Structures are given as C-alpha cells and as structure tokens.
Amino acid sequence: MDDLLERGEPFVIIFEAGEHDETHEDRKTRALWLKRNKQALVGVCLAVIAIEPDTVVRVLREAQSVMAAKAFGIAAKVVACEADALLVARKLLEQARG
C-alpha cells in the first residue's frame, strides 16, 4: 500500500469473495494505517470494491461500505462477481484519466 501511495497514480482495490476474515490484530493494524494515510489515500484510491456473490450478505456489506466510505473518504462498492468488479474499476480508472 505504501508503494501504491508513493507512485501517486489512481488505483482501485478489489477484495475477492471470502477475503473478509481478519484477526482482531489485523483489523487494528489496518485501521491505524488507514487513519495515518487517509489524506494520501483520498487523492489516489478511487474505490474499494468487494466481491460478494451472496445477495443477502452483499446487501449487508453495502450498508457497511456506506459507513466505511464516510469514515475514510474513499468510495466503497460491493458487487456480485469479478466481472462486475473489473467493470467498475475500469470505469473509475478511465474517468480519472479523463
């Protein structure tokens, strides 16, 4: 993540389905890093996209993503499949390039 920030180029983070299990210590470390780097991320991280094929879980994650977006100032999206994630990511990157 530090390397991505140093490059200064727009990027999108995609979380694959099932990559949501973290230890308490990992969540704490991630949260602290995000707080320290919030301003730098807002300038280059266009969105965090989570893939969630289960409709019920996806609706729950969408509600959580709204709160995360407000807290960190980065758009958060939840989609059903990898193809949708890539489509959203490409669109955001193309828009950023103008």
Side-chain angles (χ1 to χ4, degrees):
M1 289 296 294
D2 290 326
D3 290 342
L4 282 172
L5 289 180
E6 286 180 27
R7 291 177 69 183
E9 298 175 14
F11 65 90
V12 175
I13 298 171
I14 299 175
F15 287 101
E16 293 183 2
E19 288 191 11
H20 305 287
D21 294 332
E22 294 180 289
T23 65
H24 172 72
E25 192 60 36
D26 286 342
R27 279 192 302 276
K28 182 178 172 183
T29 300
R30 179 173 46 87
L32 290 172
W33 188 92
L34 287 169
K35 285 180 185 180
R36 280 193 312 270
N37 293 283
K38 181 179 177 176
Q39 293 303 319
L41 278 169
V42 170
V44 291
C45 184
L46 304 178
V48 175
I49 304 169
I51 301 170
E52 180 50 66
D54 184 291
T55 304
V56 174
V57 176
R58 188 168 56 250
V59 170
L60 293 171
R61 294 214 189 278
E62 286 171 350
Q64 293 171 336
S65 70
V66 170
M67 292 184 296
K70 287 180 183 178
F72 297 108
I74 300 168
K77 313 266 185 205
V78 184
V79 297
C81 63
E82 182 179 347
D84 289 346
L86 293 173
L87 183 68
V88 170
R90 285 186 186 112
K91 185 176 180 179
L92 291 169
L93 290 167
E94 286 173 9
Q95 290 173 347
R97 291 183 188 118

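Please read these numbers as outputs of a predicted model, since none were measured by experiment.
- Each salt bridge (charged side-chain N to carboxylate O under 4.0 Å, His left out) pair with one or both residues in residues 67-88, not counting sequence neighbours, would appear here, but there are none.
- Legend: residues meeting salt bridge (charged side-chain N to carboxylate O under 4.0 Å, His left out) with Glu9, ordered by chain and number and at least two apart, are Arg7.
- Shortest non-hydrogen contact noted between Leu46 and Ala75 is O-CB, 3.6 Å.
- In this structure, Arg90 has no salt bridge (charged side-chain N to carboxylate O under 4.0 Å, His left out) partners at least two apart in sequence or on a different chain.
- The hydrophobic clustering, which links ILVMFWY residues whose side-chain heavy atoms are closer than 4.5 Å, places Leu92 and Val78 apart.
- Residues passing the side-chain contact (heavy atoms from CB on, under 4.5 Å) test with Ala85 are Ile14, Ile49, Ile51, Val79, sequence neighbours excluded.
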Please list every donor-acceptor pair under 3.5 Å in which a side-chain atom of residues 28-43 meets a protein atom from a residue at least two apart or in another chain.
from, atom 1, to, atom 2, distance (Å)
Thr29, OG1, Glu25, O, 3.0
Arg30, NE, Glu22, OE1, 3.4
Arg30, NE, Glu22, OE2, 3.0
Arg30, NH2, Glu22, OE1, 2.6
Trp33, NE1, Asp2, OD1, 3.0
Asn37, ND2, Trp33, O, 2.9
Lys38, NZ, Ala71, O, 3.0

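- In this structure Leu4 satisfies the side-chain contact (heavy atoms from CB on, under 4.5 Å) test together with Met1, Phe11, sequence neighbours excluded.
- In terms of heavy-atom proximity, Ala76 sits nearest to Ala69 at N-CB, 4.2 Å.
- Here Arg58 contributes atom CZ and Cys81 contributes atom SG; the two are 8.5 Å apart, rounded to the nearest 0.5 Å.
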